2 protein chains.
Amino acid sequence: MNNRETPCCGVARFLILMDGPWATLIIRELLHGPLRFTELKNKLDGISAHTLTHRLKQFEANGLVTRTAYAETPPRVVYELTTLGENLRDVLEAMGKWGEAVPDQLIQRNKL
Amino acid sequence: MNNRETPCCGVARFLILMDGPWATLIIRELLHGPLRFTELKNKLDGISAHTLTHRLKQFEANGLVTRTAYAETPPRVVYELTTLGENLRDVLEAMGKWGEAVPDQLIQRNKL
DNA sequence: CCGTATCCAGAGTGATACTG
DNA sequence: CAGTATCACTCTGGATACGG
């Protein structure tokens with residue numbers, strides 16, 4: 001699926017950047033506005049600091065999120081979507097709309 | 001992220017059903033119309049029979065795809081989207097639209 | 001508060017070879 | 001043609017403990 005010159009379609013490009021189950025969930029939270037590390041961690045029930053750090057760094061490297069650290073004590077770090085990240089809103093909304101129309105039983109059968 | 005009574009938002013529900021990098025790509029191919037196993041495998045460059053079988057079975061179990069086997073020699077099996085699967089079109093289109101707007105350099109830096 | 005370091009488990013996937 | 005079986009690898013992600 002990878003290892004080709006340049007991904008043909010936009011769908012594949014989306015998938016490369018939004019890799020893993022947490023990626024989309026993190027973006028969703030940030031669509032409501034900038035958040036601090038701990039706020040993000042609290043909202044994303046079940047995510048580990050390890051994973052959150054990893055995903056946030058990847059997003060930052062890919063230009064979807066900006067990281068702003070304030071030299072205070074205690075430190076304060078705020079994550080915010082870039083324009084590129086903001087543009088994911090349409091995709092997330094389409095996902096959400098579809099997901100809400102899915103019968104509950106289907107979700108139940110798959111690990112949750 | 002999982003192990004809660006019932007997923008709160010539609011986004012999470014989408015992610016549960018569309019798990020793994022190939023899931024979305026398979027659906028995208030089927031949006032163009034029904035396809036046979038081998039046709040699907042050829043269009044999805046790099047996918048193994050193993051993986052394709054797995055994903056297809058999962059889709060079938062979740063009611064996103066129907067599987068029709070014709071008792072012929074050689075056998076012919078056709079996969080087709082259900083209405084639920086068809087409804088993913090909007091989501092895929094949003095993804096594609098976003099992905100096409102992503103600068104090439106970002107894609108290059110991540111394994112491809 | 002905001003991470004990082006390390007170790008480890010599990011899922012998804014690929015390669016290969018084989019079957020009805 | 002349409003899978004299945006087996007093995008092994010990679011990568012995400014959790015747990016825990018520690019550092020700035």
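Source: prediction; values computed, not measured. Chain A is the first sequence line, chain B the second, and so forth, proteins listed ahead of strands; every chain is numbered from 1.
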Tell me which pairs pass ring pair (Phe, Tyr, Trp, His ring centres under 6.0 Å) where either residue lies in residues 43-66 of chain B, with sequence neighbours left out.
B:H50-B:H54

Check against side-chain contact (heavy atoms from CB on, under 4.5 Å), A:L106 and B:L84:
CA-CA 11 Å; A:L106 287 185; B:L84 188 58; 3.8 Å; yes

Return the value, rounded to whole Å, for the distance between atom [atom1] of [X] and atom [atom2] of [N].
| X | N | atom1 | atom2 | answer |
| --- | --- | --- | --- | --- |
| B:K41 | C:dA15 | NZ | C1' | 11 Å |
| A:Q58 | C:dG3 | CD | C1' | 17 Å |
| A:N42 | C:dG3 | CG | C1' | 15 Å |
| B:K57 | C:dT13 | NZ | C1' | 16 Å |
| B:L44 | C:dG12 | CG | P | 17 Å |
| B:M18 | C:dA11 | CE | C1' | 17 Å |
| B:I47 | C:dA15 | CD1 | P | 11 Å |
| B:W22 | D:dT10 | CH2 | C1' | 15 Å |

Nearest-nucleotide pick for A:P74, side chain only, options being C:dG3, D:dA2, C:dC1:
C:dC1

With the side chain defined as heavy atoms from C-beta on, A:D19 is closest, among D:dT12, C:dC2, D:dA2, to D:dT12

Report yes if a side-chain nitrogen or oxygen of [X] is closer than 4.0 Å to either non-bridging phosphate oxygen (OP1 or OP2) of [N]; otherwise report no.
| X | N | answer |
| --- | --- | --- |
| A:T51 | D:dT12 | no |
| B:R36 | D:dA2 | yes |
| A:R67 | C:dG3 | yes |
| A:R55 | D:dG13 | yes |
| A:T38 | C:dC2 | yes |

Table please: side-chain donor-acceptor pairs of residues 64-76 of chain B below 3.5 Å, with sequence neighbours left out.
{"unit_1": "B:T66", "atom_1": "OG1", "unit_2": "B:E80", "atom_2": "O", "d": "3.2"}
{"unit_1": "B:R67", "atom_1": "NE", "unit_2": "B:Y79", "atom_2": "OH", "d": "3.3"}
{"unit_1": "B:E72", "atom_1": "OE1", "unit_2": "B:R76", "atom_2": "NE", "d": "3.4"}
{"unit_1": "B:E72", "atom_1": "OE2", "unit_2": "B:R76", "atom_2": "NH2", "d": "3.2"}

Using Watson-Crick and G-U wobble pairs with both distances under 3.5 Å, what is the 5'-to-3' dot-bracket string of DNA chain D, with [ ] for crossing pairs and | for pairs outside the strand?
||||||||||||||||||.|

Closest-nucleotide ordering on DNA chain D, the 5'-leading residue of B:H54 and A:H54:
B:H54

Using heavy atoms to find the nearest nucleotide of DNA chain D for A:L52 and B:V77 separately, return the residue whose nucleotide is more 5′.
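This one resolves to B:V77.
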
Closer than 3.5 angstrom, by distance alone: can the side chain of B:R13 be matched with the main-chain N or O of A:V102 as a donor-acceptor pair?
yes

Rounded to the nearest 0.5 Å, what separates atom OG1 in A:T24 from atom CG in A:D19?
9.5 Å

For a side-chain contact (heavy atoms from CB on, under 4.5 Å) check, start with the C-alpha distance between B:I26 and B:L56, then their side-chain angles and the critical distance, and finish with the verdict.
CA-CA 8 Å; B:I26 295 173; B:L56 251 13; 3.9 Å; yes

Any base atoms under 4.0 Å from B:Y79, or only sugar-phosphate, or nothing? Heavy atoms, all strands.
sugar-phosphate

List the steps and the verdict of side-chain contact (heavy atoms from CB on, under 4.5 Å) for B:L88 and B:M18.
CA-CA 10 Å; B:L88 283 167; B:M18 298 296 285; 3.9 Å; yes

A:E29 meets the side-chain hydrogen bond (donor to acceptor under 3.5 Å, both in side chains) criterion, sequence neighbours left out, with none

Under the side chain to side chain donor-acceptor pair (under 3.5 Å) definition, can you give me all pairs with a residue in residues 85-97 of chain B, not counting sequence neighbours?
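Listed by first then second residue: B:E86-B:R89.
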
Please evaluate residues B:L25 and B:K43 with respect to the criterion side-chain contact (heavy atoms from CB on, under 4.5 Å), reporting the C-alpha separation (whole Å), side-chain torsions for both, the decisive distance (0.1 Å), and the verdict.
CA-CA 10 Å; B:L25 266 1; B:K43 283 172 182 287; over 6 Å; no

Scan nucleotides 15-20 of chain D against the protein and return all N/O pairs shorter than 3.5 Å with their distances rounded to 0.1 Å.
{"unit_1": "D:dA15", "atom_1": "N6", "unit_2": "A:H50", "atom_2": "ND1", "d": "3.3"}

